[in-house]
Amino acid sequence: MDQLRAIRYFSKVVETGSFTKAAKAFDVPPSSLSRRVSDLEKSLGATLLQRSTRIVKLTEVGRVYYNDVQQILNQLEQSKETVRSYQTTPMGRLRISSMVGFGERILLPLLDEFSALYPQIVLDVSLSDELSALGRDDVDIAIRGGYAPNERVLAIRLMDNEFIPVASPSYLEKYGIPEHVMELKEHRGLYFKAPAGPTPWLCYVDEQWHDVSGPAVAISNNGPWLAKKACDGEGILMSTRWALASYLESGTLQELTFEHELAVTQHADMAIYLLYQKQRYLVPKVKAAVDFLVEKIKENK
């Protein structure tokens, strides 16, 4: 701490051009401040300041040292502000973007609980399956499904995003239960429409990928509508396990299992990710939301 104080004194002398003015800024005697700076020079083994009766100016090595310590002092001030921000009440407008299905089923109910805990935070929630760039779209937090993003953001894996094939008992009774993935080509398909287009039915057989999508009877970006059509026996649906959980529990839809697993993309390790920019985590409202959502979603998955 003594050396840090001496560095602050030295920096202020450079800025004011006077030991007297620097001492006044810190409310200490000029002799005390001058002694601290002299001790700093001794510890460094270098003369940082040229002193005369009228002016004080930097030596060549003093200028190099001054530029270096300015970065350190600035970082210390930022760190001090960070610590102070942790002690403030989370408040203000919090912008959250989430994919539609996850937002409707999981996120929005949790945000009701979050609002009760943090009444001074105003939630600004957008549900869209279009990708959001955190910086460009002025979003504090984004929740997206897929594989780990390569954006320069922090990504927390919340839960698996496994897609499974399901059908109603009435459909299977009418059209039969497919026993091999290749048989799916002959079955009626209900397809979720992602921003890139309808999600196909893919499988990896004999060391190569195959598209086993059946003829489409409905395509939509509205998951509940497709699930209803599946419950009505209109076709086979590929959707996420978390979105189908209630239908599977009630028995209105049954999971189809095959020797070769189905997928909607050749990318492995599909998951739901919470995304945010590292520096934004220092803002109390963002930290509160990230910590809350990660804890709640992981404990309920």
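Since we're looking at a predicted model, the values are computed, not measured. In what follows, residues are counted from 1 in the order of the sequence shown.
- For E173, the CD atom counts as loosely surrounded, since its 6.0 Å shell holds 12 or fewer non-hydrogen atoms of other residues, nucleotides or ligands.
- Criterion: ILVMFWY side-chain heavy atoms under 4.5 Å apart, direct or through other members. Under it, F163 and W225 are not part of a common hydrophobic cluster.
- F102 and W242 have perpendicular rings, their planes meeting at more than 60° on a 0 to 90° scale where under 30° would count as parallel.
- Between F258 and P178, the closest heavy-atom pair is CE2-O, 3.2 Å.
- Under 3.5 Å, the side chains of S128 and S126 contain no donor-acceptor pair of N or O atoms.
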CA sep, side-chain torsions, deciding dist, call: F26, R5, side-chain contact (heavy atoms from CB on, under 4.5 Å): CA-CA 10 Å; F26 287 105; R5 184 181 295 112; over 6 Å; no

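- Here the closest heavy-atom approach between residue L253 and residue S168 is recorded as CD2-N, 3.7 Å.
- Residues P198 and I219 share a closest heavy-atom pair of CG-CG2, 3.9 Å.
- Residues D211 and S213 have side chains that bring a donor and an acceptor to within less than 3.5 angstrom of each other.
- Between the side chains of T16 and S18, no donor N or O sits under 3.5 Å from an acceptor N or O.
- Under the 4.5 Å side-chain heavy-atom criterion for ILVMFWY residues, no single connected hydrophobic cluster contains both I272 and L244.
- Scanning for ring-ring contact (aromatic ring centres under 6.0 Å, His included) contacts around F114 gives Y118, F292, with sequence neighbours left out.
- Under a hydrophobic clustering in which Ile, Leu, Val, Met, Phe, Trp and Tyr are joined whenever their side-chain heavy atoms come within less than 4.5 Å, directly or via other members, V205 and L184 fall into the same cluster.
- The hydrophobic cluster containing Y191 does not contain L226, counting ILVMFWY residues as joined when their side-chain heavy atoms lie under 4.5 angstrom apart, directly or transitively.
- Between F10 and Y65, the ring planes lie tilted relative to each other; the angle falls in the 30° to 60° range.
- Here the closest non-hydrogen pair linking Q50 and T59 is CG-CG2, 3.6 Å.
- Rounding to the nearest 0.5 Å gives a distance of 9.5 Å between CD of Q254 and CG of L248.
- Note on L73 and Y9: same hydrophobic cluster, where clusters join Ile, Leu, Val, Met, Phe, Trp and Tyr whose side-chain heavy atoms are under 4.5 Å apart, directly or indirectly.
- Other residues, nucleotides and ligands contribute only 12 or fewer heavy atoms inside 6.0 Å of the CD atom of E179.
- Applying the salt bridge (charged side-chain N to carboxylate O under 4.0 Å, His left out) test to residues at least two apart or on different chains, the pairs with a partner in residues 34-50 are D2-R36, E41-R51.
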